[in-house]
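Note that the structure is a prediction, hence the values are computed from the model and not measured.
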Amino acid sequence: MNTYHSLKESDKAAYDALKGEMKREEQGLELIASENTVSPAVLDALGSVFTNKYSEGYPGRRYYGGQEYTDIIETLAIDRVKELFGSEHANVQPLSGASANLAAYAAVLAPGDTVLGMDLSHGGHLTHGHPVTLPAKVYRFIRYKTEADGTIDYDKLEALAVLEHPKLMLAGFSSYTRQIDYERFTAIAAKVGAITMMDMAHIAGMIAGKALPSPVPHFDIVTATTHKTLRGPRGGLILCKEPFAKAIDKAVFPGVQGGPHMHMVLAKAVAFGEALRPEFEVYARQILTNAKALEESFIGLGYEIVFGTTENHMLLIDTVKSRNVTGKDAEAWLDLASITVNKNVLPDDPRGPLDPSGIRIGVPAVTTRGMKEDEMRMIAGWIDSVLRSEGKKKILSGIRKEVKTLCKSFPIYH
Ligand SMILES: *Cc1c(COP(=O)(O)O)cnc(C)c1O
């Protein structure tokens, strides 16, 4: 028989790495736009015995016995997320954003069908048709771009749609900072008879918290990740209008996945419950306020803000133009100062993805810690000092100490 031993008692190597990561998160500034810090309740759910259970199928229609509690938690997650976004149907089983998108494509497309999606260097995600991905080999992706002022030219998009006759028109992004005009986008799709899909992975939490307009009433299918601004476990989600419900569920299981990860479904239910509380709206609004404060500070310091401005939780900065530092150096130097960001390609970046021209900075995780406008100004100042440091170790370790001191006042798990 198994006796329960904690990780600390049973596996020193694994436990030490876990302690190290906890310390890293506690003592550093997490500014990766796709990351967040989940609640202890979400962590409890993820570390629960639901990881033991196989539950292929959907509530009330499973292929294995012993489902009295899995049915309860999956129904809870579905009901809560439908309430949160006002959607007609929800599938909470996708293991990640990529598998949610794969299933959504599989639900409505046949091989060879045409999809309009946003170009990667203009803010779109890999899964929106980048040539290195499987969907790009199965479907015909045509990619649209942003204009020099950072906006999307909808007349141009309409002309492209008329020319290419897409079966699916895909909106959504992972490094774009402007608001999409959902009405205009879906009107274009209606004109050419395309199905509409929005991938709200990055901004799902801001939409849930009513800080940004919702695409859900406008689009046939809306996919998301649950771990970015939505502040839940690592995972995916698909919302859709009723006529697409059956196809979506079949495409997730058995189409592209096997058994759902029920510990993750429990954690999603918990996170959706948290997002339904009034405090979450305060959180979502503060993300927007913090992003604006950070942007103002960078503009004051003379930085080049990509796409003109931000209307969500992230900023893209052209570090080459602003400080003559590449994205790769900026990321590495900031790491040494305990400030975590990612290097990012900029629209039609002349440099490659491994050493692009800029960085992406997001505020969801530091906002979760309780940081506000004053801290954003400090953060912009530190980032500027790092970019001016020429990578000098002494300067970077000095900033690292200041960062650690600030982080002490904003504990994560206490
Ligand atoms: C993050 C993201 C995804 C992929 O999510 P994973 O969980 O990493 O697979 C898909 N689409 C968009 C727009 C994203 O930002």
Side-chain angles (χ1 to χ4, degrees), residues 33-34 115-126 128-131 141-164 166 169-189 198-203 212-213 215 288 291-292 294-328 330-331 341-363 380 383-384 387:
S34 51
V115 184
L116 282 193
M118 198 167 184
D119 190 87
L120 179 87
S121 83
H122 287 250
H125 190 259
L126 270 175
H128 298 182
H130 193 280
F141 280 88
I142 305 289
R143 291 143 89 223
Y144 56 91
K145 296 186 170 191
T146 59
E147 300 302 307
D149 69 354
T151 59
I152 292 169
D153 182 335
Y154 291 95
D155 291 334
K156 247 193 208 171
L157 181 64
E158 179 168 339
L160 188 64
V162 168
L163 185 73
E164 298 289 352
M169 277 184 63
L170 173 56
F173 48 81
S174 44
S175 47
Y176 182 56
T177 59
R178 306 297 293 270
Q179 178 61 39
I180 289 174
D181 184 341
Y182 298 137
E183 282 90 350
R184 182 83 167 93
F185 189 96
T186 50
I188 294 169
M198 164 74 186
D199 179 350
M200 63 173 182
H202 262 264
I203 52 174
L212 291 180
L288 215 48
K292 274 292 172 202
L294 198 62
E295 173 173 286
E296 275 167 30
S297 302
F298 278 115
I299 289 172
L301 291 162
Y303 277 79
E304 179 91 14
I305 308 291
V306 182
F307 302 120
T309 185
T310 182
E311 294 168 328
N312 55 34
H313 61 296
M314 61 181 146
L315 285 182
L316 270 90
I317 286 177
D318 190 326
T319 52
V320 171
K321 262 196 202 152
S322 307
R323 290 291 180 265
N324 202 22
V325 176
T326 69
K328 183 180 164 189
E331 181 190 295
V341 306
N342 64 279
K343 55 184 171 289
N344 215 96
V345 288
L346 306 183
D348 299 321
D349 203 324
R351 308 181 58 88
L354 285 175
D355 193 6
S357 300
I359 54 172
R360 186 182 66 166
I361 307 175
V363 300
I383 292 176
D384 185 45
L387 294 182

Output all residues satisfying salt bridge (charged side-chain N to carboxylate O under 4.0 Å, His left out) with Glu164, sequence neighbours left out; order by chain, then residue number.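 Listed in chain order: Arg140.
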Under the salt bridge (charged side-chain N to carboxylate O under 4.0 Å, His left out) test, which residues partner Lys292, sequence neighbours left out?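 Partners of Lys292 by the salt bridge (charged side-chain N to carboxylate O under 4.0 Å, His left out) criterion, ordered by chain and then number, come out as Glu295.
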Charged N-O contact under 4.0 Å between Arg184 and Asp155: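 Yes, Arg184 and Asp155 are salt-bridged.
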Ion pair check, Asp348 and Lys145, cut-off under 4.0 Å: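 Salt bridge between Asp348 and Lys145, a charged N being under 4.0 Å from a carboxylate O: yes.
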Where the side chain of [X] meets the backbone of [Y], is there a donor-acceptor pair that is under 3.5 Å apart?
{"X": "Thr177", "Y": "Thr309", "answer": "yes"}
{"X": "Glu147", "Y": "Ile152", "answer": "no"}
{"X": "Tyr144", "Y": "Ala161", "answer": "no"}
{"X": "Thr146", "Y": "Gly150", "answer": "no"}
{"X": "Arg360", "Y": "Ser174", "answer": "yes"}
{"X": "Thr326", "Y": "Ser357", "answer": "no"}

Quick one: does [X]'s side chain get under 4.5 Å of [Y]'s, heavy atoms only?
{"X": "Val306", "Y": "Pro347", "value": "yes"}
{"X": "Val325", "Y": "Val320", "value": "no"}
{"X": "Asp384", "Y": "Tyr303", "value": "yes"}
{"X": "Val115", "Y": "Ile142", "value": "no"}
{"X": "His128", "Y": "Arg143", "value": "no"}
{"X": "Asp349", "Y": "His122", "value": "no"}

Taking side chain to side chain donor-acceptor pair (under 3.5 Å) as the test, write out the residues that go with [X], two or more places apart.
{"X": "Glu183", "value": "none"}
{"X": "Lys321", "value": "none"}
{"X": "Glu331", "value": "Lys343"}

Pick one: which of Ile203, Leu120, Asp199 meets side-chain contact (heavy atoms from CB on, under 4.5 Å) with Phe173?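 Answer after filtering Ile203, Leu120, Asp199: Ile203.
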Just how far is it from atom [atom1] of [X] to atom [atom2] of [Y], taken to the nearest 0.5 Å?
{"X": "Ser34", "Y": "Asn342", "atom1": "OG", "atom2": "CG", "answer": "6.5 Å"}
{"X": "Ile359", "Y": "Met314", "atom1": "CD1", "atom2": "CE", "answer": "14.0 Å"}
{"X": "Ile383", "Y": "Thr319", "atom1": "CD1", "atom2": "OG1", "answer": "11.0 Å"}

If you look only at pairs with a residue in residues 350-359, which of them pass as a salt bridge (charged side-chain N to carboxylate O under 4.0 Å, His left out), with sequence neighbours excluded?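 Only Arg351-Asp355 qualify under salt bridge (charged side-chain N to carboxylate O under 4.0 Å, His left out).
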Would you please indicate if the ring centroids of Phe307 and Tyr176 are separated by under 6.0 Å?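 Ring-ring flag for Phe307/Tyr176: true, centres closer than 6.0 Å.
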For the pair Val363 and Leu315, evaluate side-chain contact (heavy atoms from CB on, under 4.5 Å) and give the outcome as yes or no after the intermediate values. CA-CA 9 Å; Val363 300; Leu315 285 182; over 6 Å; no
Test His202 against Asn312 for side-chain hydrogen bond (donor to acceptor under 3.5 Å, both in side chains), laying out the working first. CA-CA 9 Å; His202 262 264; Asn312 55 34; over 6 Å; no
